Amino acid sequence: MLQVAIVREQTDKIIAGLAKRNFKDAKALINQVLENDQLRRDTQKILDELKAKSNTDSRKIGELMKSGKQDEAAALRASVAADKDKVKSLEAELDAYEKKQLELLYKIPNVPHENVPAGVGADDNISVYQHGTVPQLDADALPHWELIKKYDIIDFDLGIKISGAGFPVYKGKGARLQRALINFFLDEAASFGYREIQPPIVVNEASGYGTGQLPDKEGQMYFVNEDGLYLIPTAEVPITNLYRDVLVAEDELPIKNAGYTPCFRREAGSWGAHVRGLNRLHQFDKVEIVQIRKAEESYQALDDMCAHVQGLLEKLELPYRKLLLCGGDMGFNSAMTYDMEVFSAAQQRWLEVSSVSNFETFQANRLKLRYKSKEGKSQLLHTLNGSALALPRIVAAILENNQTKDGIRIPKVLVPYTGFDIIN
RNA sequence: GGAGAGGUGGGUGAGUGGCUUAAACCAGCAGUUUGCUAAACUGCGGUACUGGGCAACCGGUACCGGGGGUUCGAAUCCCCCCCUCUCCGCCA
């Protein structure tokens, strides 16, 4: 959520920035915010003055009664009682303006960083780096949804039986490979200085608002109606919300947390050839890295997080490319996002396996996540997160890219974790 | 799920309608003293919104778990909710 004071002070810059997202309502919405803000402040001024008067009058009543001037006290009491009606209606007015302000601000996405290119969709993203060579597979190479059947390691039909489409059952070496990847990713995160967190995988409404899944994206999350809890779509939600309403001391920074969780997504979108197999699921596993940083360090942190993720992909011997997302393809909350895509050789497609974002103060403003500087001023922090990594498409690429006549070769770095070097 | 007790500032904790502008202590910051450290002494206090001012700064309002209510006036009284603790029940 943008800060209203910044909307007020940097109106043109914000409108220009939002234009890069192809966000068409920007100017109208911003103008509504400004108009409402002016009304809100005018109302508050009048209300505060009236309350100040009531407060002094009330104190005076106490003094008059103490000194026995009952008549004067009674007269003043009547006058304050009259003011009270005005206070009530002004309070209702102010409340309405405040609600309206939130409602408007919730509709406005984050302002892209100046280096983010304008654009409307995936075609406008910029490939900033590419690594590795695309393997040349035999003509009879199989896509991963065939390989998993051939080697009996992941079972979609069993998942359908016990849960539904999009809930795969991992079996034998397939399950072991999942556990190996999770442990590998967590160990790597630890070596990059992240503290490991095991958070709850259901969260309350306040947490959903804190990281921006609510109010607009509730359709994306599974909801436990009985208890008012949401299944997390990503560990970002609980791990970032650890710091909701927190004023951190400067010497606690930077904060680096990482955690493995299953992730749940309802994904109302279409199902077809491009989402076959492991490409899109309702439940999947992911290790998430989250950093909380001072403003002046957050873009260095973003680069560090990308380097971490790229290192993982290189160790897994997967060809990948790094995209700087254009304004129109970035998430609502993000000021700058890099996507990492691995090449899945049998599908002949790039698959997004990680998204690394700097949200600047957009989440922190909702979270009320600040730090107190040595000068004693409290300032909003920057939040960042990235997948490091999401498993299913990594598994898809490993299966497809590493298939041989003898079976599927496990990347060397994973062998200590799997305990086997081939799936056959 | 049932019964009882609680929720006050960074921490401990006092506070049964106006004397609270939330005591006191601890921690913190600044200063004095000091060869250094420690101690002692003095002073300062949080957050959000907001008014005036280029600014330093000077004001206002709100905030004692959350929301409502009573009252001229609420940390204090009433109602609803959330959470914590103790005991019971259930249970990996």
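No experiment lies behind these values; they were computed from the predicted model shown. Reminder, nothing fancy here: chain letters follow the sequence lines and each chain counts from 1.
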Choose from [options] the nucleotide whose nearest atom is closest to any side-chain atom of [X].
X     : options             : value
A:S58 : B:G69, B:G73, B:U61 : B:G73
A:K51 : B:U70, B:A62, B:G60 : B:A62
A:Q44 : B:G18, B:U47, B:U50 : B:U50
A:R41 : B:G51, B:U61, B:C72 : B:G51

Separation of [N] [atom2] from [X] [atom1] (nearest whole Å):
X      : N     : atom1 : atom2 : value
A:L94  : B:G51 : CG    : P     : 12 Å
A:D245 : B:A48 : CG    : P     : 12 Å
A:L47  : B:C63 : CG    : P     : 12 Å
A:D42  : B:G52 : CG    : P     : 10 Å
A:E91  : B:G68 : CD    : P     : 9 Å
A:D48  : B:A62 : CG    : P     : 7 Å
A:I61  : B:C19 : CD1   : C1'   : 17 Å
A:D85  : B:U70 : CG    : P     : 11 Å

Mutual orientation of the aromatic rings belonging to [X] and [Y] [parallel < 30°, tilted 30-60°, perpendicular > 60°]:
X      : Y      : result
A:Y222 : A:F264 : perpendicular
A:Y230 : A:F223 : tilted
A:Y299 : A:H113 : tilted

For nucleotides [N] and [M], find the distance between their [atom1] atoms and express it as a whole number of Å.
N     : M     : atom1 : answer
B:A30 : B:U86 : P     : 41 Å
B:G28 : B:C36 : C1'   : 23 Å
B:A14 : B:A22 : C1'   : 9 Å
B:G65 : B:G60 : C1'   : 27 Å
B:U84 : B:C79 : P     : 23 Å
B:U8  : B:A23 : P     : 16 Å
B:U16 : B:A75 : C1'   : 11 Å
B:G73 : B:C77 : C1'   : 13 Å

Is [N] paired to anything, Watson-Crick or G-U wobble with both distances less than 3.5 Å, and if yes, which nucleotide?
N     : value
B:G89 : none
B:U84 : B:A5
B:G35 : none
B:G51 : B:C58
B:C72 : B:G18
B:A30 : B:U42
B:C25 : B:G11

For the side chain to side chain contact (heavy atoms under 4.5 Å, CB included) test, which of A:K99, A:E93, A:E91 pairs with A:D95?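 That would be A:K99.
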Checking the side chain of [X] only, and the main-chain atoms of [Y] only, is there a donor and an acceptor separated by less than 3.5 Å?
X      : Y      : value
A:D124 : A:V120 : yes
A:R21  : A:N110 : yes
A:R370 : A:L247 : no
A:H382 : A:K294 : no

Considering every strand and a 4.0 Å limit on heavy-atom distances, what is the contact class for A:D83: base, sugar-phosphate, or nothing?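 Nothing, no heavy atom under 4.0 Å.
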Looking only at side-chain N and O atoms, does [X] come under 4.0 Å of OP1 or OP2 in [N]?
X     : N     : result
A:R40 : B:C49 : no
A:N55 : B:G73 : no
A:R59 : B:U21 : no
A:R8  : B:U50 : yes

If you assign each of A:R370 and A:K45 to its closest nucleotide in RNA chain B, which residue comes earlier from the 5' end?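 Nearest nucleotide further toward 5': that of A:R370.
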5′-ward residue of the pair A:V80/A:E98 relative to RNA chain B: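 Closer to the 5' end of RNA chain B: A:E98.
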